[in-house]
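For ligands, and for the atoms within them, numbers begin at 1 and follow the listed sequence. Start at 1 with the first residue, then count along the sequence.
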Amino acid sequence: MLRILLLGKTGQVGHYLLRSLAPLGEVIAPDRAQLDFTRSGSIRATIRGARPDVIVNAAGWTLVDQIEHDPELAMRVNGVAPGIIAEEARQCSALLVHYSTTFVFDGAKRKPYVEDDAPNPINAYGRSKLAGEQAVAAAGGRYLILRAAWTYSNRRSNFPLALLKLACAKKELAVVDDQVGSPTWAREYAGATAELLKHPDRARECGGIYHLSSAGQITRYRWARRIIELAQEHQGERSGWATLRAIASSEYPHLAARPLYTLLDNSKILSVFGIRMASWEDQLGAFMREWAGRSDASLG
Ligand SMILES: NC(=O)c1ccc[n+]([C@@H]2O[C@H](COP(=O)([O-])OP(=O)(O)OC[C@H]3O[C@@H](n4cnc5c(N)ncnc54)[C@H](OP(=O)(O)O)[C@@H]3O)[C@@H](O)[C@H]2O)c1
């Protein structure tokens, strides 16, 4: 039985981790009131009190545009706090599983990014997450950094939920068609993490950075079209859905710059741990079935 300290249980990935980690042992999951990343004392006290074998850190500040207004706070939450967590993990010999992001890259490549590619973040979120990776590695303990991609779920704010709401309220929606990624359901990240932790000794031995995302690729505009098609299939054809129009990122007023190409090469995690993610289409299909089945899935 592992003692697992889960941070970020109210987030997209953390919500599913609460369930996927439960069969592996005792899961201790403080909320932000108990463990605030801006207060180093609360981080250290909670970890020392929990004495975990494994810490899974799915917490962080993920609102990419808002972060442009307060990069210092993002650096404390995403950059400094993971280093404190990693130091405490080393002190109690715990393995740290920490999520990072494909946004550490600039998106200039045209082949999937491998773990050894040089990071070059182009927004404050990416810079803060890269600082977090570096702090985790510098602490000198055992760690796995999982770099994740476009993440969505039936909770909080994310692209599919925002799109479904807007597509009901508007006649036309412009969606960027030059950003390429691999949309990944938060539930799949939680499942893959639990798979990794079924073999904690191997996870300790094979520490480092791993890329993890759904298979396949899609532009944001084509992803949006598929989301609307699936919503129509589930809810029946009806009028009132917005028409989608493809635009370039340069036409969309984002506060934070977005990397255009965010594909991750997942071959390292497959060869070391045998983890293979389903395609983005299969994940989206399953997600939309869950979305349609929710009692509050009525749109608008
Ligand atoms: N979302 C994406 O598209 C995406 C893509 C790639 C990688 N990732 C990475 O994957 C991980 C999980 O992402 P996610 O989408 O599940 O995140 P999320 O839904 O935004 O959830 C973030 C979690 O962090 C907690 N948190 C925020 N600020 C905190 C603070 N100051 N102290 C303590 N806890 C705090 C939140 O608690 P509250 O409920 O109290 O706010 C929440 O539990 C993150 O490391 C993220 O950078 C995300």
Record the part of [X] in heavy-atom contact with ligand 1 below 4.0 Å; permitted values are side chain, backbone, both and neither.
| X | result |
| --- | --- |
| Arg155 | neither |
| Arg156 | side chain |
| Phe159 | neither |
| Ala186 | neither |
| Ala81 | neither |

pair Ile47-Ile85: side-chain heavy atoms closer than 4.5 Å: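 In contact.
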
Could you find the nearest protein heavy atom to [atom] and give me its residue, atom name and distance?
| atom | result |
| --- | --- |
| atom 3 (O) of ligand 1 | Thr151 N, 3.0 Å |
| atom 19 (O) of ligand 1 | Gln12 N, 2.8 Å |
| atom 11 (C) of ligand 1 | Tyr99 CB, 3.6 Å |
| atom 40 (O) of ligand 1 | Arg32 NE, 3.0 Å |
| atom 21 (O) of ligand 1 | Gly11 CA, 3.2 Å |
| atom 17 (O) of ligand 1 | Thr62 CG2, 3.5 Å |
| atom 12 (C) of ligand 1 | Ala58 O, 3.4 Å |
| atom 25 (C) of ligand 1 | Ala59 CB, 3.8 Å |

Answer yes or no: does atom [atom1] of [X] have more than 12 heavy-atom neighbours from other residues, nucleotides or ligands under 6.0 Å?
| X | atom1 | value |
| --- | --- | --- |
| Arg225 | CZ | no |
| Arg222 | CZ | no |
| Arg19 | CZ | yes |

Any nitrogen or oxygen of Gly14 lying under 3.5 Å from a nitrogen or oxygen in ligand 1? Just yes or no.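 In this structure, Gly14 places no N or O atom under 3.5 Å from an N or O of ligand 1.
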
What I want to know is whether Phe37 and ligand 1 share at least one N or O pair that is separated by under 3.5 angstrom.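 N/O-N/O distance below 3.5 Å exists for this pair.
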
Closer than 4.0 Å to some heavy atom of [X] - which atoms of ligand 1 meet that?
| X | result |
| --- | --- |
| Lys129 | 44 (C), 45 (O), 46 (C), 47 (O) |
| Ala148 | 6 (C), 7 (C) |
| Gly8 | 43 (O) |
| Asp36 | 30 (C), 31 (N), 32 (N) |
| Leu35 | 32 (N), 33 (C) |
| Thr10 | 36 (C), 37 (O), 38 (P), 39 (O), 42 (C), 43 (O) |

If you apply the rule ring-ring contact (aromatic ring centres under 6.0 Å, His included), what do you find for Trp150 with Phe159, and how did you get there? CA-CA 9 Å; Trp150 296 352; Phe159 183 75; 7.5 Å; no

Ring centres under 6.0 Å, that's the criterion: do Tyr152 and Phe287 meet it?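 Between Phe287 and Tyr152, which both carry aromatic rings, the centre distance is below 6.0 Å.
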
Approximate separation, where rounding is to 0.5 Å, of [X] [atom1] and [Y] [atom2]:
| X | Y | atom1 | atom2 | answer |
| --- | --- | --- | --- | --- |
| Tyr210 | Ser271 | OH | OG | 8.0 Å |
| Leu212 | Ser100 | CG | OG | 12.0 Å |
| Arg258 | Gln179 | CZ | CD | 7.0 Å |

Residue among Asn57, Thr151, Thr193, Thr62 satisfying side-chain hydrogen bond (donor to acceptor under 3.5 Å, both in side chains) with Tyr99: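 Among the candidates, only Thr193 passes.
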
Would a hydrophobic clustering, with Ile, Leu, Val, Met, Phe, Trp and Tyr connected at side-chain separations under 4.5 Å, put Ile218 with Leu163?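 As far as the 4.5 Å side-chain criterion goes, Leu163 and Ile218 are connected within one cluster.
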
Keeping Glu115 on the side-chain end and His211 on the backbone end, is there a donor-acceptor pair under 3.5 Å?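 Pair found, side chain donor or acceptor close to backbone of His211.
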
Could you tell me whether Lys109 sits above the aromatic face of Tyr261, with NZ or CZ closer than 6.0 angstrom to the six-membered ring centre and within 45 degrees of the axis?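 No, Lys109 and Tyr261 do not form such a contact.
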
Tell me whether Tyr125 reaches ligand 1 (any heavy atom closer than 4.0 angstrom to a ligand atom).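 Flag set, Tyr125 near ligand 1.
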
For ligand 1, is there an atom lying under 4.0 Å from some heavy atom of Ser100?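 Flag set, Ser100 near ligand 1.
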
Closest to atom 16 (O) of ligand 1 among Leu63, Val13, Leu6 (heavy-atom distance):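 Going through Leu63, Val13, Leu6 one by one, Val13 has the nearest heavy atom to atom 16 (O) of ligand 1.
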
Could you go through the side chain to side chain contact (heavy atoms under 4.5 Å, CB included) check for Thr219 and Asp178 one step at a time? CA-CA 6 Å; Thr219 70; Asp178 54 1; over 6 Å; no

